[in-house]
Undergrad: 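After the structure tokens below, expect a handful of questions from me.
Order of the sequence lines fixes the chain letters, A, B, ..., with proteins taken first and strands second; residue numbering starts at 1 for each chain.
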Number of protein chains: 2
Amino acid sequence: MSPGTHAPDAEFSPSEENYLKVVYGLREWDPQKVTTGRLAAKLAVSPASASAMVAKLVSRGFMVHPPYGSVGLTESGRSAALKVIRRHRLIETFLVDQLDYTWDEVHDEAEILEHTVSERFIDRIDALLGHPEGDPHGDPIPTADGDSRLPNATRLDHAPAETAVVVRISDADPDVLRTCAAKGIVPGAALHTRGHGLTDDDAAAVWVRPTTLLDEG
Amino acid sequence: MSPGTHAPDAEFSPSEENYLKVVYGLREWDPQKVTTGRLAAKLAVSPASASAMVAKLVSRGFMVHPPYGSVGLTESGRSAALKVIRRHRLIETFLVDQLDYTWDEVHDEAEILEHTVSERFIDRIDALLGHPEGDPHGDPIPTADGDSRLPNATRLDHAPAETAVVVRISDADPDVLRTCAAKGIVPGAALHTRGHGLTDDDAAAVWVRPTTLLDEG
DNA sequence: GGCAAGATTTAGGCATGGCTAAAAAAACTG
DNA sequence: CAGTTTTTTTAGCCATGCCTAAATCTTGCC
């Protein structure tokens with residue numbers, strides 16, 4: 001972005017924040033090795049660009065990257081990523097709760113605002129919403145002090161049979177969001193791991209976690 | 001800014017929007033010629049940078065710049081500037097009304113968000129606030145279709161004696177904002193043009209408009 | 001009219017964050 | 001273990017938006 005467009009108290013450029021967020025996300029959602037190539041694909045940049053940015057964040061102490069190994073986050077990198085994710089999820093919750101966005105509309109807006117709002121803004125939103133624990137997609141909102149509140153999510157098509165689970169859907173693809181919604185599969189819904197009526201493709205985009213982890217709080 | 005940080009539906013970069021906004025603002029607040037040098041001072045950039053950006057916006061049909069004359073806006077430039085100002089003032093109003101910002105805290109945040117929120121966001125905020133006509137600084141909020149709702153503001157120290165006026169204070173300087181607030185001079189307050197108890201310096205930063213123009217609506 | 005002051009442009013750079021194409025290095029695989 | 005494939009880096013380049021320093025041009029005043 002143009003310098004001066006992101007939050008005044010920002011420690012990272014929007015680009016840097018996206019790399020941190022995506023590394024965190026890939027390690028959460030996906031057991032495969034996080035290569036710079038996969039980062040590049042996820043961020044829609046060239047491998048060379050991803051490689052350069054990872055090198056920069058490694059040199060500043062936020063990432064680790066063993067030669068030909070998986071890109072990872074240091075403690076400070078993880079904490080920075082969680083801050084971005086917290087902003088993203090609070091903003092999404094705010095858009096749905098206060099501004100009547102539908103939950104498939106929030107992603108693009110949050111993707112931008114997560115880099116441009118101040119700490120104060122986020123704190124006020126958090127208070128206004130009553131310190132919510134989850135966002136409209138069923139994802140937990142990290143706390144201000146860096147607790148991830150992370151559940152053990154698994155893909156619906158990989159979950160053990162006949163388990164009671166709670167739905168969580170990646171917010172990246174509005175089409176999947178709508179297909180699922182049409183079948184009553186919405187974030188937070190209870191579900192059994194068989195007989196949900198989704199195609200294999202769609203089921204692969206739906207993630208679930210055991211009901212016991214977050215849903216009695 | 002980094003590309004990709006501003007609103008997805010944006011026609012202008014944040015920088016470009018700031019130039020448009022400042023040209024509009026200088027022509028509104030200040031009778032002097034708008035030179036690239038004064039633009040540069042206002043935007044805290046070098047004259048060379050301002051000159052280059054003005055040339056770019058002239059070439060794209062949003063500004064006019066007669067040689068050694070005053071920089072001005074074309075119809076489309078004016079309309080673009082009003083959109084930015086509308087976003088700025090709605091965001092400020094939102095921050096004060098909904099997020100409990102004090103009116104001297106809103107400027108920096110609005111200065112960034114005005115370039116990063118979508119049309120949808122602004123429309124929803126506008127509705128949430130009940131389509132307000134003025135912002136917390138006493139400035140009118142342009143309508144979505146480009147009506148400026150502009151009052152005839154004058155500097156307090158230049159206003160005719162003993163006139164009933166309504167206060168309007170530039171949001172650029174928090175110190176002035178606080179000095180004035182301490183004396184009961186806040187945006188929208190009624191005031192007479194004598195006996196207000198401000199120093200000449202502070203009075204020069206306070207602008208007023210006749211009570212009849214906007215305040216019975 | 002001449003000249004200083006102000007306004008503007010030119011020239012040459014810098015940083016960020018992208019790009020392509022090609023080289024190099026490591027890791028699988030038969 | 002040798003070859004193929006994948007991963008990563010290098011080299012050279014582009015655009016934006018900013019910088020300084022040095023012209024150059026116009027205006028306005030005496």
Side-chain angles (χ1 to χ4, degrees), chain A residues 1-8 10-23 26-27 30 32-60 62-72 84 111-112 115-116, chain B residues 1-8 10-23 26-27 30 32-60 62-72 84 111-112 115-116:
Chain A
M1 351 195 123
S2 328
T5 303
H6 46 284
E11 188 182 352
F12 299 97
S13 74
S15 252
E16 289 161 355
E17 289 186 343
N18 278 332
Y19 278 89
L20 291 165
K21 187 182 61 169
V22 168
V23 169
L26 284 179
R27 294 196 78 121
D30 194 323
Q32 290 175 65
K33 216 171 60 165
V34 177
T35 65
T36 54
R38 308 208 316 119
L39 273 184
K42 194 82 177 177
L43 287 157
V45 300
S46 71
S49 301
S51 181
M53 184 58 96
V54 167
K56 186 170 82 171
L57 289 170
V58 166
S59 85
R60 284 169 55 191
F62 299 106
M63 288 185 179
V64 292
H65 189 198
Y68 295 84
S70 188
V71 177
V84 179
E111 204 62 34
I112 291 170
H115 309 298
T116 60
Chain B
M1 353 203 119
S2 329
T5 302
H6 47 284
E11 189 182 353
F12 299 98
S13 75
S15 251
E16 289 161 355
E17 289 186 343
N18 278 331
Y19 279 88
L20 291 164
K21 187 181 63 169
V22 168
V23 170
L26 284 179
R27 293 195 79 122
D30 194 323
Q32 291 175 68
K33 217 170 59 164
V34 176
T35 65
T36 53
R38 307 206 319 119
L39 273 184
K42 195 80 177 179
L43 288 157
V45 300
S46 72
S49 301
S51 182
M53 184 58 96
V54 167
K56 186 169 81 170
L57 289 170
V58 166
S59 86
R60 284 169 54 191
F62 299 106
M63 288 184 179
V64 291
H65 189 198
Y68 295 85
S70 188
V71 178
V84 180
E111 203 62 33
I112 291 171
H115 308 299
T116 59

Undergrad: Let me know the distance between CD of E16(B) and P of dC18(D), rounded to the nearest Å.
TA: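 After rounding, the gap between these two atoms is 10 Å.
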Undergrad: Scan T35(A) against the nucleic acid and name what it touches under 4.0 Å (heavy atoms): base, sugar-phosphate only, or nothing.
TA: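 It contacts sugar-phosphate atoms only.
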Undergrad: Quickly work out the Q32(A) CD to dT7(D) C1' distance and round it to whole Å.
TA: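 So the CD-C1' distance, Q32(A) to dT7(D), works out to 14 Å.
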Undergrad: Any side-chain N or O of Y19(A) under 4.0 Å from OP1/OP2 of dT16(C)?
TA: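 No, Y19(A) has no side-chain N/O under 4.0 Å of OP1/OP2 on dT16(C).
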Undergrad: Regarding A48(B), tell me which of base, sugar-phosphate or nothing describes its non-hydrogen contacts under 4.0 Å with the strands shown.
TA: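 Base, at least one base atom sits under 4.0 Å.
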Undergrad: Choosing from dA25(C), dC25(D), dC18(D), which nucleotide comes nearest the side chain of Y68(A)?
TA: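 Within the option list, the nearest is dA25(C).
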Undergrad: Can you name the nearest heavy-atom pair linking T36(B) to S51(B), along with the distance?
TA: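 Residues T36(B) and S51(B), closest heavy atoms: CG2-CA, 4.2 Å.
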Undergrad: NA contact type, S49(A), heavy-atom cut-off 4.0 Å: base, sugar-phosphate, or nothing?
TA: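 Base contact.
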Undergrad: With a 4.0 Å limit, can you tell me whether T36(A) has a side-chain N or O closer than that to the phosphate oxygens OP1/OP2 of dT7(D)?
TA: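 Result: no.
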Undergrad: Quick one: E17(B) CD to dT16(D) P, roughly how many Å, whole number?
TA: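 Answer to the nearest Å: 16 Å.
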Undergrad: Pick the closest DNA chain C nucleotide for P67(B) and for K56(A) by heavy atoms, then say which residue is nearer the 5' end.
TA: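 Upstream on the strand: P67(B).
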Undergrad: Are any side-chain N or O atoms of K33(A) and backbone N or O atoms of Y68(A), one a donor and one an acceptor, separated by less than 3.5 Å?
TA: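 Yes: the side chain of K33(A) pairs with the backbone of Y68(A).
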Undergrad: Within the structure shown, what part of the strands sits under 4.0 Å from S46(B) by heavy-atom distance: base, sugar-phosphate, or nothing?
TA: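 Base contact - S46(B) has a heavy atom under 4.0 Å of at least one base atom.
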Undergrad: What is the distance, rounded to the nearest whole Å, between atom CZ of R38(A) and atom P of dT8(D)?
TA: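 After rounding, the reported distance stands at 11 Å.
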Undergrad: Rounding to a whole Å, what distance do you find between L57(A):CG and dT8(D):P?
TA: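 Those two atoms, CG and P, are 15 Å apart.
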Undergrad: Tell me, do Y19(B) and V45(B) make a side-chain contact under 4.5 Å, heavy atoms counted?
TA: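 Result yes, sub-4.5 Å side-chain heavy-atom pair found.
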Undergrad: With heavy atoms under 4.0 Å as the rule, sort A44(A) into base, sugar-phosphate or nothing.
TA: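 Here A44(A) touches the backbone only, sparing every base.
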Undergrad: Using whole Å, what does the distance between atom C1' of nucleotide dT26(D) and atom NZ of K33(B) come to?
TA: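 The distance from NZ of K33(B) to C1' of dT26(D) comes to 9 Å, rounded to the nearest Å.
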Undergrad: Between dG17(C) atom C1' and L20(A) atom CG, what is the distance in whole Å?
TA: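 Spelled out: CG on L20(A) to C1' on dG17(C) is 15 Å.
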Undergrad: Does dC18(D) have OP1 or OP2 under 4.0 Å away from a side-chain N or O of S15(B)?
TA: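 The answer is yes; a side-chain N or O of S15(B) sits under 4.0 Å from OP1 or OP2.
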Undergrad: Do M63(B) and L20(B) touch side chain to side chain, with heavy atoms closer than 4.5 Å?
TA: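 Touching, per the 4.5 Å side-chain cut-off.
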Undergrad: Can the ring centres of F62(A) and F12(A) be said to be less than 6.0 Å apart?
TA: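 Between F12(A) and F62(A), which both carry aromatic rings, the centre distance is below 6.0 Å.
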Undergrad: Take atom CG of L39(B) and atom P of dG6(C), then tell me their distance rounded to the nearest Å.
TA: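 After rounding, the gap between these two atoms is 18 Å.
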Undergrad: Please state whether the phosphate of dG17(C), meaning OP1 or OP2, lies under 4.0 angstrom from any side-chain nitrogen or oxygen of S13(A).
TA: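 For dG17(C), OP1 or OP2 has a side-chain N or O of S13(A) closer than 4.0 Å.
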Undergrad: Tell me whether the side-chain N/O atoms of H65(B) come closer than 4.0 Å to OP1 or OP2 in dT8(C).
TA: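 Yes, within the criterion.
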Undergrad: Here's a test of your reading of the structure: between P47(B) and M53(B), which maps to the more 5' nucleotide of DNA chain D?
TA: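 Checking each residue's closest nucleotide, the 5'-ward one belongs to M53(B).
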Undergrad: Can you name the closest pair of heavy atoms from A40(B) and A50(B) and give their distance?
TA: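 That closest heavy-atom pairing would be CB-CB, 3.8 Å.
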